[in-house]
Amino acid sequence: MDSDDSQKSEKTPTARHTCPACYKQYKKKEHFIEHMKVAFHSAHDPRCGVCRKHCKSFESLREHLTGPVAKENCMKIFTEQGCDLCLKLFDNPASLNQHREVCLLSAPAPIGTVPNAESQSYMNFCGENHFDNRPEAIAMDCEMVGGGSDGSLDLCARVCLTDEDEKILFHTYVRPQLPITNYRYEITGLTEDHLTNAMPLKDVHDKILEILYNGESIGRSRLDGGKAKLLVGHDLDHDLDCMAMYYPQHLLRDTAKYQPLMKTNFVSHSLKYLTKTYLGYDIQSGMHDPYEDCVAVMRLYKRFRALDHQIEGIVLATKYSNDIHVNFDSLTTEKLEEMTPDELYELSKPNYECWCLDTRQALTLGL
């Protein structure tokens with residue numbers, strides 16, 4: 001074989017463009033740019049503590065670390081040094097064991113054994129924010145009975161609100177506006193006796209909004225929140241609909257719709273699953289306790305709000321210091337083609353509001 005044939009037989013290496021976040025590779029720069037436009041990578045992504053790969057949810061990160069096709073090296077190191085609840089990595093077994101004592105939680109006491117709304121005025125909790133300069137959050141859970149001819153219509157029959165310290169602010173049985181055809185006793189534990197003298201739905205509605213708006217005007221709260229409180233829950237839109245109640249979307253923190261807590265196909269997990277997977281204990285084993293559910297959603301919110309994500313925009317801070325609105329749409333194709341993978345990553349922004357921003361925004365504003 002002559003030298004020309006030998007050269008033709010050799011494989012010419014092809015330059016590949018590697019995503020600095022998820023490590024996917026593309027032969028063409030234009031395909032890599034399209035990936036960066038739709039991937040929504042950011043510093044807020046769940047990330048492997050070993051290889052630093054970005055994942056779109058904690059479930060996909062868990063699969064990367066412990067699933068059937070987990071990365072061998074990542075799985076080995078995580079098995080020895082990682083927390084199976086929060087998925088953080090630690091330097092040594094002693095640090096991991098110390099962390100687990102804090103990370104692994106136990107179920108709260110049933111609602112009948114904790115202070116109730118009659119023993120403390122909920123108005124005491126309606127003052128200025130007092131949680132380390134963060135916007136104050138309130139957890140809410142509703143228990144539903146059935147209405148309609150087949151009992152499938154959800155009617156709110158019990159509601160509980162708690163603060164960040166797991167104290168009950170408001171708890172009451174609710175008298176629905178429609179006839180009850182199924183008390184769903186096996187789940188709710190409710191009977192006709194519980195609801196005979198229950199608070200009318202309209203009064204419950206007004207009392208909850210009084211707590212949440214915290215003396216703030218509706219207009220101000222819809223604009224930027226003001227002193228109004230964040231409302232934490234699981235499938236909050238459903239609970240609010242059942243109470244014929246509106247609360248601004250930007251003040252809702254929903255564990256059923258928070259992208260990092262969803263399945264890999266972005267379908268919601270149950271609160272029971274989230275509590276067991278990320279807090280380490282079981283709930284809803286028998287009749288549902290609204291206080292127990294309130295505590296679970298608040299603990300989930302506080303755990304993921306506390307994540308310390310790096311500040312974005314470091315790479316492009318100098319290059320585009322005079323243009324705070326720079327993004328994929330504001331740059332021409334030629335400009336994007338000239339950018340490095342790290343610069344393209346800096347242009348990418350998440351398509352959801354990370355809960356860590358509740359803390360960062362408060363500190364930035366000096367609240």
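Computed from a prediction, not measured in an experiment: that's the story for all the values here.
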Problem set entry | Audit row: Lys37, Glu34, side-chain contact (heavy atoms from CB on, under 4.5 Å) steps and yes/no | CA-CA 5 Å; Lys37 286 182 177 180; Glu34 287 304 312; 3.5 Å; yes
For this session: Walk me through it: do Phe170 and Ile138 pass the test side-chain contact (heavy atoms from CB on, under 4.5 Å)?
Result: CA-CA 11 Å; Phe170 181 59; Ile138 301 294; over 6 Å; no
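Residues in residues 279-301 take part in these salt bridge (charged side-chain N to carboxylate O under 4.0 Å, His left out) pairs, two or more places apart or across chains: Glu166-Arg299, Lys276-Asp282. Annotation: ring-ring contact (aromatic ring centres under 6.0 Å, His included) contacts involving residues 209-247, sequence neighbours excluded, comprise Tyr213-Tyr247. Judged as a salt bridge (charged side-chain N to carboxylate O under 4.0 Å, His left out), the pairs with a partner in residues 173-188 (not counting sequence neighbours) are, in order, Asp154-Arg184. Pairs passing the salt bridge (charged side-chain N to carboxylate O under 4.0 Å, His left out) check and including a residue from residues 239-255, sequence neighbours excluded, read Arg253-Asp358. Pairs engaging residues 188-201 under the salt bridge (charged side-chain N to carboxylate O under 4.0 Å, His left out) rule: none recorded [sequence neighbours left out].
Screening His17, His35, His31, Arg16 against Tyr26 for a side-chain hydrogen bond (donor to acceptor under 3.5 Å, both in side chains) leaves a single residue, His35.
Taking Phe40 as the reference, nothing meets the ring-ring contact (aromatic ring centres under 6.0 Å, His included) condition, with sequence neighbours excluded. Checked against ring-ring contact (aromatic ring centres under 6.0 Å, His included), Tyr273 has the following partners two or more places apart in sequence or in another chain: His269. The salt bridge (charged side-chain N to carboxylate O under 4.0 Å, His left out) check on Lys257 picks up Asp237, with sequence neighbours excluded. Taking Lys28 as the reference, nothing meets the salt bridge (charged side-chain N to carboxylate O under 4.0 Å, His left out) condition, with sequence neighbours excluded. With sequence neighbours excluded, the residues satisfying side chain to side chain contact (heavy atoms under 4.5 Å, CB included) with Ser60 are Cys55, Ser57, Thr264.
Taken to the nearest 0.5 Å, the CZ atom of Phe304 stands 8.0 Å off from the CG atom of Leu274. Taken from CG in Leu201 to CD in Gln177, the straight-line distance is 4.5 Å, to the nearest 0.5 Å. Once rounded to the nearest 0.5 Å, the distance linking CZ of Arg52 with CG of Asp45 reads 11.0 Å. Taking CZ from Arg222 and OG from Ser217, the interatomic distance works out to 10.0 Å, rounded to the nearest 0.5 Å. Taken to the nearest 0.5 Å, the OG atom of Ser42 stands 8.0 Å off from the NE2 atom of His309. From Cys142, atom SG reaches atom CZ of Arg158 across 11.5 Å, with rounding to the nearest 0.5 Å.
Leu236 and Phe266 fall into different hydrophobic clusters, where Ile, Leu, Val, Met, Phe, Trp and Tyr residues are linked whenever their side-chain heavy atoms come under 4.5 Å apart, directly or through other members. Under the 4.5 Å side-chain heavy-atom criterion for Ile, Leu, Val, Met, Phe, Trp and Tyr, Leu61 and Leu96 are members of distinct hydrophobic clusters. Hydrophobic clustering of Ile, Leu, Val, Met, Phe, Trp and Tyr side chains at less than 4.5 Å, counting indirect connections, keeps Met144 apart from Leu271. Using a 4.5 Å cut-off between side-chain heavy atoms of Ile, Leu, Val, Met, Phe, Trp and Tyr, with links allowed through other members, Phe58 and Met262 fall into different hydrophobic clusters. Hydrophobic clustering, with ILVMFWY side chains joined whenever heavy atoms are under 4.5 angstrom apart, groups Met245 together with Ile218.
Other residues, nucleotides and ligands contribute only 12 or fewer heavy atoms inside 6.0 Å of the NZ atom of Lys88. Tyr185 OH: 12 or fewer foreign heavy atoms inside a 6.0 Å radius. No more than 12 heavy atoms of other residues, nucleotides or ligands lie within 6.0 Å of CD in Gln98, so this atom counts as exposed by the packing criterion. Within 6.0 Å of CD in Glu30 there are more than 12 heavy atoms belonging to other residues, nucleotides or ligands. Sparse packing is recorded around CG of Asp91, with 12 or fewer heavy atoms of other residues, nucleotides or ligands lying under 6.0 Å away. More than 12 non-hydrogen atoms from other residues, nucleotides or ligands lie less than 6.0 angstrom from CG of Asn97.
Hydrophobic side-chain contacts under 4.5 Å tie Tyr173 into a cluster, directly or through other members, with Val145, Leu153, Leu155, Leu178, Ile180, Tyr183, Leu190, Leu195.
Salt-bridge check for Glu136 with Lys229: passed, with a basic side-chain N closer than 4.0 Å to an acidic carboxylate O. Taking the charged nitrogens against the carboxylate oxygens, Asp206 and Lys202 do have a contact shorter than 4.0 Å, which makes a salt bridge. Between Arg62 and Glu59 no salt bridge is recorded (no basic side-chain N to carboxylate O distance below 4.0 Å).
A distance-only check finds no donor-acceptor pair linking the side chain of His288 to the backbone of Glu143 [under 3.5 Å].
Ring planes of His41 and His54: perpendicular class, angle over 60° (limits at 30 and 60°).
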Check: residues 68-86 side-chain donor-acceptor pairs under 3.5 Å, at least two apart:
unit_1	atom_1	unit_2	atom_2	d
Thr79	OG1	Met75	O	2.6
Gln81	NE2	Phe90	O	2.7
Asp84	OD1	Arg100	NH1	2.3

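Checking Tyr291 against His171 by side-chain atom types alone, no donor-acceptor pair falls below 3.5 Å.
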